[in-house]
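Below is one structure; the comments refer to it alone.
As the structure is a prediction and not an experimental result, all values here were calculated from the model.
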Amino acid sequence: MLKYLVIVTLIWAVTQTPSPVPEKALDSASQTAGSVQNQGKSDKGNPTSSDGSGWGLVIVGVLQTLLFTVTWIAIRQQATTQKTAERAWMIITPDKPEGWEPILPPEQPGVPASLNVFRAAMKNVGRTPAHVTKIAARYINLDKSEFENLQEEPDYGRKESLESLLLVPGDSFPKAVPLWPKSRLTTEEIESIRTAKSFLYFYACIEYRALGKKRETRVGFIYPFPPGTSYETPRFRRSGPPAYNRAT
(Lines give C-alpha, C1' and ligand atoms only; values in the text may rest on other atoms or scores of the structure.)
Protein backbone atom coordinates (compact mmCIF):
# COMPACT_ATOMS: atom_id res chain seq x y z
CA MET A 1 0.00 0.00 0.00
CA LEU A 2 2.82 2.33 0.89
CA LYS A 3 4.44 1.49 -2.45
CA TYR A 4 1.39 2.65 -4.44
CA LEU A 5 1.12 5.80 -2.33
CA VAL A 6 4.73 6.74 -3.18
CA ILE A 7 4.11 6.13 -6.89
CA VAL A 8 0.96 8.35 -6.87
CA THR A 9 2.86 11.08 -5.00
CA LEU A 10 5.69 11.03 -7.53
CA ILE A 11 3.24 11.18 -10.47
CA TRP A 12 1.46 14.17 -8.90
CA ALA A 13 4.78 15.99 -8.32
CA VAL A 14 5.84 15.44 -11.92
CA THR A 15 2.57 16.83 -13.26
CA GLN A 16 2.83 19.94 -11.04
CA THR A 17 6.43 20.94 -11.97
CA PRO A 18 7.75 22.30 -15.33
CA SER A 19 9.16 19.74 -17.62
CA PRO A 20 12.95 19.79 -17.34
CA VAL A 21 14.95 20.57 -20.45
CA PRO A 22 16.63 17.42 -21.62
CA GLU A 23 20.29 17.26 -20.91
CA LYS A 24 21.05 16.75 -24.59
CA ALA A 25 19.01 19.86 -25.43
CA LEU A 26 20.96 21.82 -22.83
CA ASP A 27 24.20 20.56 -24.22
CA SER A 28 23.05 21.42 -27.75
CA ALA A 29 21.99 24.95 -26.72
CA SER A 30 25.27 25.43 -24.88
CA GLN A 31 27.20 24.35 -27.94
CA THR A 32 25.14 26.65 -30.20
CA ALA A 33 25.68 29.64 -27.94
CA GLY A 34 29.37 28.90 -27.85
CA SER A 35 29.43 28.61 -31.62
CA VAL A 36 27.62 31.93 -32.05
CA GLN A 37 29.96 33.56 -29.55
CA ASN A 38 32.98 32.18 -31.32
CA GLN A 39 31.55 33.23 -34.69
CA GLY A 40 30.97 36.76 -33.33
CA LYS A 41 34.57 36.85 -32.16
CA SER A 42 35.80 35.68 -35.51
CA ASP A 43 33.62 38.28 -37.29
CA LYS A 44 34.68 41.08 -34.96
CA GLY A 45 36.26 43.83 -37.00
CA ASN A 46 34.68 42.41 -40.17
CA PRO A 47 31.22 43.94 -40.86
CA THR A 48 30.35 41.18 -43.28
CA SER A 49 30.17 37.50 -42.46
CA SER A 50 31.26 34.71 -44.73
CA ASP A 51 27.69 33.99 -45.83
CA GLY A 52 27.12 37.60 -46.97
CA SER A 53 24.44 38.42 -44.37
CA GLY A 54 26.50 41.36 -43.08
CA TRP A 55 26.61 42.97 -46.52
CA GLY A 56 22.86 42.56 -46.79
CA LEU A 57 22.34 44.49 -43.55
CA VAL A 58 24.68 47.23 -44.76
CA ILE A 59 22.82 47.55 -48.09
CA VAL A 60 19.45 47.63 -46.32
CA GLY A 61 20.71 50.37 -44.00
CA VAL A 62 22.02 52.44 -46.90
CA LEU A 63 18.76 52.08 -48.83
CA GLN A 64 16.75 53.09 -45.77
CA THR A 65 18.95 56.16 -45.31
CA LEU A 66 18.56 57.13 -48.98
CA LEU A 67 14.80 56.67 -48.81
CA PHE A 68 14.58 58.81 -45.70
CA THR A 69 16.72 61.53 -47.30
CA VAL A 70 14.68 61.59 -50.52
CA THR A 71 11.43 61.72 -48.55
CA TRP A 72 12.73 64.57 -46.38
CA ILE A 73 13.85 66.57 -49.44
CA ALA A 74 10.48 66.04 -51.13
CA ILE A 75 8.64 67.23 -48.02
CA ARG A 76 10.83 70.34 -47.79
CA GLN A 77 10.34 71.16 -51.47
CA GLN A 78 6.60 70.72 -51.16
CA ALA A 79 6.51 73.02 -48.15
CA THR A 80 8.64 75.64 -49.95
CA THR A 81 6.43 75.44 -53.05
CA GLN A 82 3.34 75.85 -50.91
CA LYS A 83 4.79 78.92 -49.18
CA THR A 84 5.87 80.41 -52.52
CA ALA A 85 2.39 79.89 -53.97
CA GLU A 86 0.73 81.53 -50.98
CA ARG A 87 3.10 84.51 -50.49
CA ALA A 88 2.74 88.08 -51.72
CA TRP A 89 4.42 89.08 -54.99
CA MET A 90 5.00 92.72 -55.86
CA ILE A 91 5.43 93.75 -59.50
CA ILE A 92 6.20 97.10 -61.14
CA THR A 93 4.80 97.86 -64.59
CA PRO A 94 4.11 100.92 -66.76
CA ASP A 95 0.70 102.29 -65.88
CA LYS A 96 -0.41 101.70 -69.47
CA PRO A 97 1.91 98.98 -70.81
CA GLU A 98 0.20 98.41 -74.16
CA GLY A 99 1.00 101.07 -76.74
CA TRP A 100 2.02 103.66 -74.20
CA GLU A 101 4.89 105.98 -75.06
CA PRO A 102 6.39 109.02 -73.40
CA ILE A 103 5.33 112.48 -74.45
CA LEU A 104 7.61 113.49 -77.31
CA PRO A 105 5.96 116.57 -78.86
CA PRO A 106 8.09 118.94 -80.95
CA GLU A 107 9.03 122.22 -79.38
CA GLN A 108 6.96 125.22 -80.34
CA PRO A 109 8.14 128.83 -80.14
CA GLY A 110 6.94 130.45 -76.96
CA VAL A 111 5.42 127.21 -75.63
CA PRO A 112 7.28 125.32 -72.88
CA ALA A 113 7.97 121.68 -73.64
CA SER A 114 5.70 119.22 -71.88
CA LEU A 115 6.88 117.43 -68.78
CA ASN A 116 8.09 113.89 -69.39
CA VAL A 117 6.89 111.61 -66.62
CA PHE A 118 7.00 107.84 -66.28
CA ARG A 119 3.85 106.55 -64.60
CA ALA A 120 4.29 103.19 -62.92
CA ALA A 121 1.92 100.85 -61.11
CA MET A 122 3.04 98.85 -58.06
CA LYS A 123 0.79 95.82 -57.65
CA ASN A 124 0.51 92.82 -55.35
CA VAL A 125 -0.21 89.80 -57.57
CA GLY A 126 0.29 87.23 -54.79
CA ARG A 127 -2.19 85.56 -52.45
CA THR A 128 -1.29 87.20 -49.15
CA PRO A 129 -0.91 90.83 -48.04
CA ALA A 130 2.33 92.68 -48.71
CA HIS A 131 3.78 95.24 -46.31
CA VAL A 132 5.64 97.73 -48.51
CA THR A 133 8.48 99.42 -46.60
CA LYS A 134 10.68 101.20 -49.19
CA ILE A 135 10.53 102.29 -52.80
CA ALA A 136 12.96 103.98 -55.16
CA ALA A 137 12.78 104.85 -58.87
CA ARG A 138 14.72 106.81 -61.46
CA TYR A 139 13.84 107.92 -64.99
CA ILE A 140 16.79 109.06 -67.10
CA ASN A 141 17.90 109.79 -70.66
CA LEU A 142 20.99 107.83 -71.79
CA ASP A 143 22.87 107.70 -75.04
CA LYS A 144 23.67 104.29 -76.51
CA SER A 145 27.13 103.95 -74.96
CA GLU A 146 25.87 104.98 -71.52
CA PHE A 147 23.12 102.37 -71.64
CA GLU A 148 25.49 99.64 -72.81
CA ASN A 149 27.85 100.47 -69.92
CA LEU A 150 25.41 100.72 -67.05
CA GLN A 151 27.05 99.91 -63.74
CA GLU A 152 26.41 96.41 -62.47
CA GLU A 153 24.55 97.52 -59.35
CA PRO A 154 21.85 100.15 -59.90
CA ASP A 155 22.07 103.49 -58.14
CA TYR A 156 18.58 104.39 -56.98
CA GLY A 157 19.58 107.39 -54.94
CA ARG A 158 17.70 107.82 -51.68
CA LYS A 159 14.99 105.25 -51.08
CA GLU A 160 11.62 106.53 -49.93
CA SER A 161 10.61 104.97 -46.62
CA LEU A 162 6.97 104.07 -46.12
CA GLU A 163 5.09 103.33 -42.93
CA SER A 164 4.55 99.69 -43.90
CA LEU A 165 2.00 100.34 -46.63
CA LEU A 166 -0.35 97.35 -46.64
CA LEU A 167 -1.44 96.00 -50.02
CA VAL A 168 -3.94 93.16 -50.10
CA PRO A 169 -3.87 90.71 -53.02
CA GLY A 170 -4.81 92.51 -56.24
CA ASP A 171 -4.30 95.98 -54.74
CA SER A 172 -1.92 98.52 -56.28
CA PHE A 173 -0.79 102.13 -56.06
CA PRO A 174 0.60 104.55 -58.68
CA LYS A 175 4.01 106.17 -58.83
CA ALA A 176 4.85 109.14 -61.10
CA VAL A 177 8.57 109.72 -61.75
CA PRO A 178 9.69 112.82 -63.72
CA LEU A 179 12.59 112.56 -66.12
CA TRP A 180 15.92 113.32 -64.40
CA PRO A 181 17.88 115.61 -64.25
CA LYS A 182 15.42 117.74 -66.27
CA SER A 183 11.88 116.75 -67.07
CA ARG A 184 11.66 118.51 -70.46
CA LEU A 185 13.28 117.20 -73.64
CA THR A 186 14.67 119.44 -76.35
CA THR A 187 13.97 118.93 -80.05
CA GLU A 188 17.47 117.48 -80.48
CA GLU A 189 16.95 115.02 -77.63
CA ILE A 190 13.62 113.92 -79.04
CA GLU A 191 15.17 113.35 -82.45
CA SER A 192 17.98 111.34 -80.85
CA ILE A 193 15.40 109.11 -79.17
CA ARG A 194 13.42 108.67 -82.38
CA THR A 195 16.55 107.54 -84.23
CA ALA A 196 17.64 105.16 -81.41
CA LYS A 197 20.80 107.13 -80.65
CA SER A 198 19.65 107.62 -77.08
CA PHE A 199 17.13 105.92 -74.84
CA LEU A 200 14.75 106.72 -72.02
CA TYR A 201 15.34 104.32 -69.16
CA PHE A 202 13.19 103.74 -66.08
CA TYR A 203 14.41 101.53 -63.26
CA ALA A 204 12.95 100.98 -59.82
CA CYS A 205 12.94 98.76 -56.76
CA ILE A 206 10.42 98.07 -54.08
CA GLU A 207 11.10 96.46 -50.69
CA TYR A 208 8.36 94.70 -48.77
CA ARG A 209 7.61 91.95 -46.26
CA ALA A 210 5.74 88.80 -47.20
CA LEU A 211 4.91 86.14 -44.63
CA GLY A 212 7.36 87.78 -42.24
CA LYS A 213 10.32 87.73 -44.67
CA LYS A 214 12.00 90.65 -46.43
CA ARG A 215 11.45 90.68 -50.19
CA GLU A 216 12.51 92.91 -53.06
CA THR A 217 11.46 93.47 -56.66
CA ARG A 218 13.62 95.30 -59.23
CA VAL A 219 12.69 96.24 -62.80
CA GLY A 220 14.21 98.16 -65.69
CA PHE A 221 12.30 99.49 -68.73
CA ILE A 222 13.83 101.00 -71.86
CA TYR A 223 12.15 103.10 -74.53
CA PRO A 224 13.76 102.72 -77.94
CA PHE A 225 11.92 104.23 -80.87
CA PRO A 226 12.10 101.57 -83.63
CA PRO A 227 13.63 103.40 -86.60
CA GLY A 228 12.13 102.69 -90.01
CA THR A 229 9.28 100.52 -88.68
CA SER A 230 5.63 101.37 -88.79
CA TYR A 231 4.21 97.97 -87.79
CA GLU A 232 5.61 97.95 -84.26
CA THR A 233 4.06 100.25 -81.69
CA PRO A 234 6.69 102.11 -79.67
CA ARG A 235 6.53 101.15 -76.02
CA PHE A 236 8.66 100.49 -72.97
CA ARG A 237 10.26 97.05 -72.76
CA ARG A 238 12.08 95.22 -69.96
CA SER A 239 15.83 95.60 -70.32
CA GLY A 240 19.07 96.18 -68.46
CA PRO A 241 21.68 94.17 -66.51
CA PRO A 242 20.50 91.25 -64.31
CA ALA A 243 20.79 93.32 -61.11
CA TYR A 244 18.21 95.74 -62.54
CA ASN A 245 15.65 92.97 -63.14
CA ARG A 246 15.18 90.48 -60.35
CA ALA A 247 12.78 89.47 -57.60
CA THR A 248 13.28 87.70 -54.27
Side-chain angles (χ1 to χ4, degrees), residues 71-103 114-142 146-147 149-183 199-224 234-248:
T71 304
W72 179 80
I73 293 175
I75 293 174
R76 288 292 301 270
Q77 288 180 341
Q78 184 177 4
T80 301
T81 302
Q82 183 67 21
K83 288 182 178 180
T84 301
E86 296 296 329
R87 56 160 285 193
W89 280 99
M90 291 298 303
I91 63 171
I92 306 172
T93 60
D95 198 21
K96 297 178 181 179
E98 296 300 328
W100 180 80
E101 60 177 313
I103 300 173
S114 301
L115 295 177
N116 197 295
V117 178
F118 188 98
R119 301 185 183 279
M122 320 289 180
K123 186 176 182 179
N124 179 7
V125 295
R127 297 184 180 181
T128 56
H131 298 265
V132 181
T133 56
K134 291 183 180 180
I135 185 172
R138 300 191 74 180
Y139 183 35
I140 56 180
N141 185 17
L142 301 172
E146 289 174 329
F147 176 73
N149 294 283
L150 281 171
Q151 57 188 21
E152 293 184 2
E153 279 295 323
D155 178 16
Y156 296 105
R158 189 180 68 86
K159 293 183 179 180
E160 178 184 354
S161 297
L162 304 175
E163 292 297 330
S164 188
L165 176 64
L166 178 63
L167 293 180
V168 298
D171 199 3
S172 64
F173 70 95
K175 179 72 174 178
V177 184
L179 187 64
W180 185 90
K182 58 186 182 68
S183 57
F199 304 91
L200 297 175
Y201 192 59
F202 171 85
Y203 59 105
C205 75
I206 183 168
E207 297 179 7
Y208 63 101
R209 293 195 309 275
L211 297 178
K213 292 187 177 181
K214 292 183 179 180
R215 303 290 183 179
E216 182 185 51
T217 297
R218 296 181 180 185
V219 296
F221 288 95
I222 191 173
Y223 181 84
R235 61 185 177 87
F236 278 92
R237 296 171 177 81
R238 290 287 291 271
S239 186
Y244 289 69
N245 294 273
R246 73 184 186 194
T248 61

Worked check of salt bridge (charged side-chain N to carboxylate O under 4.0 Å, His left out) between Lys214 and Glu216: CA-CA 7 Å; Lys214 292 183 179 180; Glu216 182 185 51; over 6 Å; no
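- Taking all atoms of both residues into account, the shortest heavy-atom contact from Val117 to Ala176 is CG1-CB, 3.8 Å.
- Shown here is Gln151, whose CD atom has more than 12 heavy atoms of other residues, nucleotides or ligands within 6.0 Å.
- The cationic atom of Arg138 (NZ for Lys, CZ for Arg) does not lie both less than 6.0 Å from the six-membered ring centre of Phe202 and within 45° of the ring axis.
- In the model, Arg238 has a side-chain atom that pairs as donor or acceptor with a side-chain atom of Asn245 under 3.5 Å.
- Annotation: side chain of Pro241 is not in contact with side chain of Glu152 (no heavy-atom distance under 4.5 Å).
- At a threshold of 4.5 Å between non-hydrogen side-chain atoms, the residues Glu160 and Lys175 count as touching.
- The closest side-chain donor-acceptor pair between Tyr139 and Asn116 falls under 3.5 angstrom.
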Show, in sequence, the C-alpha distance, side-chain angles and deciding distance for Trp89 and Thr128, and conclude whether the side chain to side chain contact (heavy atoms under 4.5 Å, CB included) test is met. CA-CA 8 Å; Trp89 280 99; Thr128 56; over 6 Å; no
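- Leu211 has its side chain out of reach of Lys213: every pair of non-hydrogen atoms, C-beta onward, lies at least 4.5 Å apart.
- Annotation: side chain of Leu200 is not in contact with side chain of Ile222 (no heavy-atom distance under 4.5 Å).
- Each of Ile91, Ile92, Thr93, Ile206 was scored for a side-chain contact (heavy atoms from CB on, under 4.5 Å) with Val219, with one residue passing: Ile92.
- Put simply, CG on Asp171 and CG on Leu165 are 8.0 Å apart, with the number rounded to the nearest 0.5 Å.
- In this structure, CZ in Arg87 is found 9.5 Å from CG in Asn124, a value given to the nearest 0.5 Å.
- Of all heavy-atom pairs between Arg215 and Ala210, the closest is CG-CB, 4.0 Å.
- Contact between Leu115 and Ser183 at its shortest, heavy atoms only, is CD2-OG, 3.0 Å.
- Put simply, CG on Leu166 and CZ on Arg209 are 10.0 Å apart, with the number rounded to the nearest 0.5 Å.
- For the pair Leu179/Phe118, no side-chain contact is recorded, criterion being any heavy-atom separation below 4.5 Å from C-beta on.
- Residue Tyr203 is tested with Phe221, Phe236, Trp180, Tyr156 for a ring-ring contact (aromatic ring centres under 6.0 Å, His included); the sole match is Tyr156.
- Remark: the backbone N or O of Arg235 is paired with a side-chain donor or acceptor of Arg237 at under 3.5 angstrom.
- Here the NZ-SG distance, from Lys159 to Cys205, works out to 4.0 Å after rounding to the nearest 0.5 Å.
- Here the side chains of Pro174 and Met122 are not in contact, with every heavy-atom distance at 4.5 Å or above.
- Smallest separation of non-hydrogen atoms from Pro129 and Ala88: O-CB, 3.6 Å.
- Ionic pairing of Arg218 and Glu153 is present here: one or more N-O contacts between side-chain nitrogen and carboxylate oxygen are shorter than 4.0 angstrom.
- Between Met90 and Tyr208, the closest side-chain pair of non-hydrogen atoms falls below 4.5 Å.
- Residues Ala136 and Arg158 come closest through the heavy atom pair CB-O, 4.4 Å.
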Decide ring-ring contact (aromatic ring centres under 6.0 Å, His included) for Tyr223 and Tyr201; before the verdict, give the C-alpha distance in whole Å, the side-chain angles of both, and the deciding distance to 0.1 Å. CA-CA 6 Å; Tyr223 181 84; Tyr201 192 59; over 10 Å; no
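- A distance of 10.0 Å separates CG in Asn141 from CZ in Phe199, rounded to the nearest 0.5 Å.
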